Peer 1: 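First the structure, then my questions, so here it is.
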2 protein chains.
Amino acid sequence: MEISELGEFGLIRRLTEQMQPQNETTRRGVGDDCAVIAPTEGMQTLVTTDMLMEGVHFDLTYVPLHYLGYKSVMVNLSDIYAMNAKPRQITVSLAISKRFNVEMMEELYEGMRQACEEHHVDIVGGDTTSSLTGLAISITAIGEARPEDIVFRNGAHETDLICVSGDLGAAYMGLQLLEREKAVYNQQWANAQRSGNPQEMERLKDVQPDFAGHEYILERQMKPQARRDIVEALAEAGIRPTSMIDISDGLSSELIHLCTQSHTGCRIYEERIPLDYQTASMAEELNMNVTTCALNGGEDYELLFTVPLTDNERVEQVKDVHIIGYITKESLGRTLICRDGVEMELKAQGWNPLKEKE
Amino acid sequence: MEISELGEFGLIRRLTEQMQPQNETTRRGVGDDCAVIAPTEGMQTLVTTDMLMEGVHFDLTYVPLHYLGYKSVMVNLSDIYAMNAKPRQITVSLAISKRFNVEMMEELYEGMRQACEEHHVDIVGGDTTSSLTGLAISITAIGEARPEDIVFRNGAHETDLICVSGDLGAAYMGLQLLEREKAVYNQQWANAQRSGNPQEMERLKDVQPDFAGHEYILERQMKPQARRDIVEALAEAGIRPTSMIDISDGLSSELIHLCTQSHTGCRIYEERIPLDYQTASMAEELNMNVTTCALNGGEDYELLFTVPLTDNERVEQVKDVHIIGYITKESLGRTLICRDGVEMELKAQGWNPLKEKE
């Protein structure tokens, strides 16, 4: 169905009519000039926002809209968890070009709804409009925490342990795999066209790339998980991080943010950086250095945080958390100690959304 | 300066470094994973968001970036006032194509900052990224009000008076004027090119359209004002509207929203719809019906609200507020009584951002 048949208000009704608020803080959702939220007494409000542009942040030739919706919510929830807080609401703004229809928007929304349900988050508002080209998604997430629980980027101290959840570099390897398969397919298609081979073109239409053995890195790229479980596990273990950030642009870049804002240096150990087997194997296949991928790959949405040295034993007990180094005086710089003992300065080479493409 | 020279974080620093929070509820602004807001005790939080796309919502051939920034903030603040609340913070997300440079983004931000300062609002966060084509602006505004003060769309009752602030249709007339001048200029330019007349082309480069006598409608289009003054004047007069909405898509469309959500009908009088002289004169010049423009023009950002009949005398004392009709039973429909006494059904013919262009 064409979106123009429904109009803005019809589309919003269609997308949001099934939604029931899950949070008692949500007093009014979609349907007025504003959403209304009743903050829990004694809590502060956290706000974060992210904008995803087609052709820059996502490629719909290989990302199903359902996954795109899911991921676009998760990346925002991840920012709330990175403050040691709980997400409660989101608003969703969409700008849609003519090539999208109502069913496609429903698929996108279905993914958003799934992410929200998993994290007990309400979609309370948004804006739906048209764009001349492509799809633009802008999400704002709102969360809550007690003031004393909120963790900033600037609280790391000398001797604090540097911890990271999960494993790194997998989302980036998943992206490389998808890009490679897309390039291979486009080449085959171009060849079939050039040689005027209609049977081959017909065959190619049904071809699905074989991703066996790469499921984990694909899932990490397409369906990242915001680490509420880590925030909860730390709270249960009685650990309050001194600083925290989520890893969206790569470990190096995020660790440099923590150090800069905390006025510290750091030392991390290459051998301690958590990697999955599929990440390492894909890196080898693509002739890339797996540590470089883990340091600069981005889109992991794991949590990077520091804890006091005295929490050493407690943090070692927390599942899926890895100590990768420690915080130093600022004057000592930011250092990666390689497997062979060579020391290198950490540099932010993560993804820069405003850098010109080569 | 090229934006790629600064990168995302450099650009954000450059745009936001002069900003000092004006609100005591703002506990942490730009620079962490989230902004932190401390809600005022006993108040609820209002959230609204709007997305503006180049080529759909604005045309940079005639809108200076400073005005665009100002307006993109105002339209969001207007939604907060429409809930009878006060705006406190906004987040700003920008997606920027390569044709924009740092100075252009500074101009855009300068307009945003001006709007924020006038309304004591803090810019507390956002996202800055690239787009393949054009500029996209997504703003989320956050406000506060005591729960008992918040006014929804659904509270209108039979016999309530329908009121509107300011005057209507002017912003739409301003847009028509700008579009006309653009068309005239493009035609002159095409003629000069076709006839190979370099002197004429040189002359045209410096031509500025003469907008004398149209200042008001241009200002209404380019620099709309969110009506905090009306919200404050109503509070001072001891009037709490029973329902309220801001007029972004035209009086008809917004009044129908109020009636639908309140399950009422309405009767409004054509002769009571407030019009400015410049609006009427431009409509005549363009051979358009001025009432149609006021009903369906949009972008006025005036407040449309209902008050109990018993507030008649009090509301008549409030400066710049006009009573245009009253609320009826739902079964009586939504009626416009024309100057000649003819009754017409109100229809929502306001701007539909998702409608196909003819």
Side-chain angles (χ1 to χ4, degrees), chain A residues 3-4 6-8 11 27-28 31-39 44-51 53-57 79-80 82-83 85 89 91 93-96 98 124-134 136 138 140 142-143 147 150 152-153 245-246 261 352-356, chain B residues 3-4 6-8 11 27-28 31-39 44-51 53-57 79-80 82-83 85 89 91 93-96 98 124-134 136 138 140 142-143 147 150 152-153 245-246 261 352-356:
Chain A
I3 287 172
S4 55
L6 286 177
E8 180 182 5
L11 179 63
R27 294 299 160 88
R28 185 72 59 126
D32 219 300
D33 291 285
C34 294
V36 181
I37 296 166
Q44 292 188 339
T45 303
L46 291 296
V47 183
T48 182
T49 189
D50 253 309
M51 196 151 176
M53 304 295 290
E54 185 175 354
V56 177
H57 300 91
D79 278 320
I80 302 275
M83 304 293 287
Q89 287 90 12
T91 63
S93 290
L94 302 175
I96 311 161
K98 281 190 191 173
V124 295
D127 190 18
T128 308
T129 190
S130 57
S131 86
L132 293 185
T133 53
S138 174
T140 299
I142 293 161
I150 296 175
F152 296 96
R153 295 179 179 178
I245 191 169
D246 73 322
Q261 297 196 27
N352 179 346
L354 294 174
K355 210 175 125 184
E356 305 268 343
Chain B
I3 287 172
S4 54
L6 286 176
E8 180 183 5
L11 179 63
R27 293 299 159 89
R28 184 72 58 126
D32 219 300
D33 292 285
C34 294
V36 181
I37 296 167
Q44 291 187 340
T45 304
L46 291 297
V47 184
T48 181
T49 190
D50 252 310
M51 196 151 176
M53 305 295 291
E54 185 174 355
V56 177
H57 300 91
D79 279 318
I80 301 276
M83 304 293 288
Q89 287 91 12
T91 63
S93 291
L94 302 175
I96 312 161
K98 281 190 188 171
V124 294
D127 191 19
T128 308
T129 189
S130 57
S131 88
L132 292 185
T133 53
S138 174
T140 299
I142 294 160
I150 296 176
F152 296 97
R153 295 180 179 176
I245 191 169
D246 72 324
Q261 297 196 26
N352 179 347
L354 295 174
K355 212 176 123 185
E356 305 267 342

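Every value quoted in this text rests on a predicted model; they were computed, and no experiment measured them. Throughout, protein chains are lettered first and strands after them, A, B, ... in sequence-line order, and every chain is numbered starting at 1. The analysis underlying the following values was restricted to heavy atoms, covering all of them including side chains, and did not include hydrogens, waters or symmetry mates.
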Peer 1: Whether the side chain of B:Q261 engages the backbone of A:G31 through a donor-acceptor N/O pair (distance < 3.5 Å, no angle test) should be reported.
Peer 2: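 At least one qualifying donor-acceptor pair exists.
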Peer 1: Please determine, among A:A38, A:P39, A:A85, A:A82, the option with the most heavy-atom pairs under 4.5 Å with chain B.
Peer 2: A:P39
Peer 1: Run the side-chain hydrogen bond (donor to acceptor under 3.5 Å, both in side chains) test against B:Q44 and tell me which residues pass, sequence neighbours left out.
Peer 2: none
Peer 1: For B:S131, give me all partners under side chain to side chain contact (heavy atoms under 4.5 Å, CB included), at least two apart in sequence or on another chain.
Peer 2: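 B:S131 satisfies side chain to side chain contact (heavy atoms under 4.5 Å, CB included) with A:M53, B:A95, B:S97 once adjacent residues are dropped.
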Peer 1: Check whether any side-chain heavy atom of A:C34 sits under 4.5 Å from a side-chain heavy atom of B:I80, and report yes or no.
Peer 2: yes
Peer 1: Hey, could you give me the CG/CZ distance between B:L46 and A:R27, rounded to the nearest 0.5 Å?
Peer 2: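 Here the interatomic distance stands at 13.0 Å.
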Peer 1: Between B:V56 and A:L132, is there a side-chain heavy-atom distance shorter than 4.5 Å?
Peer 2: yes
Peer 1: Go through the steps to decide whether A:I37 and B:V47 satisfy the test side chain to side chain contact (heavy atoms under 4.5 Å, CB included), and finish with yes or no.
Peer 2: CA-CA 8 Å; A:I37 296 166; B:V47 184; 3.8 Å; yes
Peer 1: Relative to chain A, which segment of B:E54 carries a heavy atom at a distance below 4.5 Å: side chain, backbone, both, or neither?
Peer 2: backbone
Peer 1: If you tally heavy-atom pairs under 4.5 Å against chain B, which of A:G134, A:G126, A:G125 wins?
Peer 2: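 Highest number of heavy-atom pairs under 4.5 Å: A:G126.
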Peer 1: Under a 3.5 Å distance rule, please check whether B:D33 uses its side chain to pair with a backbone N or O of A:M83 as donor and acceptor.
Peer 2: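 No, because the side chain of B:D33 does not come within donor-acceptor range (under 3.5 Å) of the backbone of A:M83.
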Peer 1: I'd like to know if the side chain of B:D32 and the backbone of A:R153 have a donor-acceptor N/O pair within less than 3.5 Å.
Peer 2: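 The answer is yes, because a donor-acceptor pair under 3.5 Å joins these two groups.
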Peer 1: Measure A:L94 against the heavy atoms of chain B and call it side chain, backbone, both or neither at under 4.5 Å.
Peer 2: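 It is the backbone, since no side chain atom gets that close.
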Peer 1: Could you report the tightest heavy-atom contact between A:D127 and B:T49, atom names first, then the distance?
Peer 2: CB-O, 3.7 Å
Peer 1: If you count heavy-atom pairs within less than 4.5 Å of chain B, which of A:T140, A:V124, A:I142, A:I150 leads?
Peer 2: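 Between A:T140, A:V124, A:I142, A:I150, the count favours A:T140.
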Peer 1: Side chain, backbone, both or neither: which part of B:I245 has a non-hydrogen atom closer than 4.5 Å to chain A?
Peer 2: both
